[in-house]
Amino acid sequence: MECDRVVVLVVVVVLLCCQLEASVGLTFSSKLIHRFSDEAKSLSISRKGNASGDLWPKRYSFEYFQLLLGNDLKRQRMKLGSQKNQLLFPSQGSQALFFGNELDWLHYTWIDIGTPNVSFLVALDAGSDLLWVPCDCIQCAPLSASYYNISLDRDLSEYSPSLSSTSRHLSCDHQLCEWGSNCKNPKDPCPYIFNYDDFENTTSAGFLVEDELHLASVGDHTARKMLQASVVLGCGRKQGGSFFDGAAPDGVMGLGPGDISVPSLLAKAGLIQNCFSLCFDENDSGRILFGDIGHASQQSTPFLPIQGTYVAYFVGVESYCVGNSCLKRSGFKALVDSGSSFTYLPSEVYNELVSEFDKQVNAKRISFQEGLWDYCYNASSQELHNIPAIQLKFPRNQNFVVHNPTYSIPHHQGFTLFCLSLQPTDDSYGIIGQNFMIGYRMVFDIENLKLGWSNSSCQDTSDSADVHLAPPPDDKSPNPLPTNEQQSIPRTPAVAPAIAGRTSSESSAASLFIPFIHLMISLLLLLVKCMFISTL
């Protein structure tokens, strides 16, 4: 009788085990529907009406394959754009060059345009949007290197769209043609005339073309790669004002937030995040990086809209200090402009700030008629001069400190001078120029509408295959790498943090299956024992 009960138990356990094994192997299926199939078309018509069906591509038609190919390209760009550690810079290197007064106190970089590629030494200007180069010139600055008192290993270049196989005119009806209203025919080349906001009536005029900009791509510990990106540039046939006199003789790269600027076009193509950084060091050098978002420890302040739109890099200065003395006057708006060599303040702010600076400097003030600045001092004596720092305060307790706001002029009329390199302006806003940016990695984050800054040595990334994008050693990464022990575990799949507290249904079922096996073995042994006893 007892053995009969054991047999029944064994049968029950076997059935349970079979049922459990079936549940472990349980699968779910779902029907796949192609986006351009008849079923998808019917579904679209049922939701949106017959009009949507009229737009459906005919299967295996040219339009059908064109749409599929376009979607593939979008996905590839999304994947490339999602590589947040990828940076781009001009193919000849990320270095920014400075030539002082010989080229109007601006920073420059070499870029390559077209096929075959032609090199241009363009000024870096965060205060404008357009990239333009001298092109089929009617009135351009001299392009011979010997004309300028600078060290160049080549002459400057002139662009000609007809000599580039990848060049094409931008038509008047193109969405990026802002001057299309001046066209007689919508298919005519889009003209442009760009007026730079200065007292010398500086202009560039010509027509817009589309061509390839040659770039290099690097990431964290990845090899340098070369690529080309389509950009819009001005074929600058006629320059006026300081451009014609030799400032930026080989063109300007506008880095503003507008749709036509190089950073915006690279971001729209999915190559980078819509941001870039400029860095200027004390040795008259620096670098530019497209796609650089800075690091987590940098300070930042939001950009301000002008009449509801972000047309330039305006920020709001809440207050300002000279040395340890913080002045009580209310703040002001300021344009952050790398194309401006020096810094300008609204007249009332300027007067208060320079007055306080003059009180704190322990040097003799000197006036000379041809001076660029009003507050200059004799530095010829051997005494250690106290040069107070200037601090701009932004919202959320963010501080921008200029440790040395002066510029030295050696051997002038028997004196060695240092001058406070500030100028007053009658405008209601100030301009933060290159001289205040020295020693900082300035991040223009168009995507998140903010300006970031952090101390930097401005290392040129083109000298190394590796780009160190991590914050300084005293900053902790928000997403640390796995420890050596974690990395050494072979073939262990990672668990996403959002689901780390849950185990899979398959592993749970397997854990239940093991006790049933032990029970089955015990019952089988008991059954064998019963059968042995019954035979006696």
Glu352 side-chain N/O to Leu327 backbone N/O, donor-acceptor pair under 3.5 Å: no
Donor-acceptor pair between Tyr159 and Ser164 side chains, under 3.5 angstrom: no
Shortest non-hydrogen contact between Leu304 and Gly316, atoms and distance: CD1-N, 3.4 Å
Expected output: side-chain Thr109 to main-chain Gln95 donor-acceptor under 3.5 Å: yes
Minimum heavy-atom distance between Phe357 and Thr406, given as atom pair plus value: CZ-CG2, 3.9 Å
Test item: side-chain donor near acceptor, Thr166 and Asp211, under 3.5 Å: yes
Heavy-atom donor-acceptor pair, Thr425 side chain to Asp427 backbone, under 3.5 Å: yes
Asn351 atom CG, neighbour heavy-atom count above 12 within 6.0 Å: yes
Lys/Arg N to Asp/Glu carboxylate O, Arg441 vs Asp292, below 4.0 Å: yes
Phe207 vs Arg237, side chain to side chain contact (heavy atoms under 4.5 Å, CB included): CA-CA, chis, key distance, verdict: CA-CA 8 Å; Phe207 57 88; Arg237 305 198 66 196; 3.8 Å; yes
Any side-chain donor near an acceptor of the partner, Asp250 and Tyr108, under 3.5 Å: no
Side chain to side chain contact (heavy atoms under 4.5 Å, CB included) between Ile150 and Leu103, worked out: CA-CA 9 Å; Ile150 56 177; Leu103 287 182; 3.6 Å; yes
Any donor-acceptor pair under 3.5 Å from Ser456 side chain to Gly439 backbone: no
Separation of SG atoms, Cys172 and Cys190, below 2.5 Å: no
Leu422 and Leu345, any side-chain heavy atoms less than 4.5 Å apart: yes
Gap between atom CG of Asp112 and atom CG of Leu213 - 0.5 Å precision: 8.5 Å
Thr343 side chain to Gly433 backbone, donor-acceptor under 3.5 Å: yes
Phe342/Phe436 under ring pair (Phe, Tyr, Trp, His ring centres under 6.0 Å): CA gap, chis, key distance, verdict: CA-CA 7 Å; Phe342 303 107; Phe436 269 35; over 10 Å; no
Geometric cation-pi criterion Arg365 and Tyr375, 6.0 Å radius, 45° cone: yes
Main-chain N/O of Asn274 paired with Glu447 side-chain donor or acceptor, under 3.5 Å: yes
Ring center gap for Phe303 and Tyr313 short of 6.0 angstrom: yes
Trp110 vs Phe120, ring pair (Phe, Tyr, Trp, His ring centres under 6.0 Å): CA-CA, chis, key distance, verdict: CA-CA 6 Å; Trp110 286 104; Phe120 298 89; 8.8 Å; no
Any donor-acceptor N or O pair under 3.5 Å, side chains Asn448, Asp445: yes
Tyr377 side chain near Leu417 side chain, heavy-atom distance below 4.5 Å: no
Ring centroid separation Tyr350 to Tyr344 under 6.0 Å: no
Approximate separation, where rounding is to 0.5 Å, of Gln228 CD and Ile113 CD1: 12.5 Å
Donor + acceptor pair across side chains of Ser355, Asp358 (<3.5 Å): no
Distance-minimising heavy-atom pair for Tyr148 and Pro249: OH-CB, 3.2 Å
Heavy-atom check, side chain of Pro90 versus side chain of Ile111, under 4.5 Å: yes
Side chain proximity check, Met226 to Ser91, heavy atoms < 4.5 angstrom: yes
Candidate pair Arg396 and Thr301, rule side-chain hydrogen bond (donor to acceptor under 3.5 Å, both in side chains), full reasoning: CA-CA 8 Å; Arg396 296 185 295 110; Thr301 192; over 6 Å; no
Test applied, ring pair (Phe, Tyr, Trp, His ring centres under 6.0 Å); reference residue, Phe444; option that passes from Phe276, Tyr310, Phe314: Phe276
Sub-4.5 Å side-chain heavy-atom contact between Leu106 and Leu124: no
Centroid-centroid under 6.0 Å between Phe194 and Trp132 rings: no
Phe280 and Tyr440 aromatic centres sub-6.0 Å: no
Shortest non-hydrogen contact from Val401 toward Gln391: CG2-CG, 3.9 Å
Main-chain N/O of Ser171 paired to His169 side chain as donor or acceptor, under 3.5 Å: no
Ser204 versus Tyr192, side-chain donor and acceptor atoms under 3.5 Å: yes
Distance-only side-chain donor-acceptor flag, Ser242 / Thr202, under 3.5 Å: yes
Under 3.5 Å donor-acceptor, Glu158 side chain and Cys137 backbone: yes
Polar side-chain atom of Glu356 near backbone of Val354 as donor-acceptor pair, under 3.5 Å: no
Heavy-atom side-chain contact between Ser157 and Val118 under 4.5 Å: yes
Side-chain heavy atoms of Pro257 within contact of Asp129, under 4.5 Å: yes
Point-to-point distance, once rounded to the nearest 0.5 Å, from CG of Asp337 to CD of Gln434: 8.5 Å
Nearest atoms (heavy-atom pairs only) where Val317 meets Phe394: CG2-CE2, 3.7 Å
Side-chain ion pair, Glu210 and Arg168, N-O less than 4.0 Å: yes
Check: Thr203 and Tyr196 side chains under 4.5 Å, non-hydrogen atoms: no
Ring-ring centroid check Phe89 Phe290, cutoff 6.0 Å: no
Distance in Å, Ser341 OG paired with Asn435 CG, rounded so as to fall on 0.5 Å steps: 8.0 Å
Exercise: identify the closest heavy-atom pair between Asn397 and Gln299: O-OE1, 4.1 Å
Donor-acceptor pair, side chain of Ser300 and main chain of Lys450, under 3.5 angstrom: no
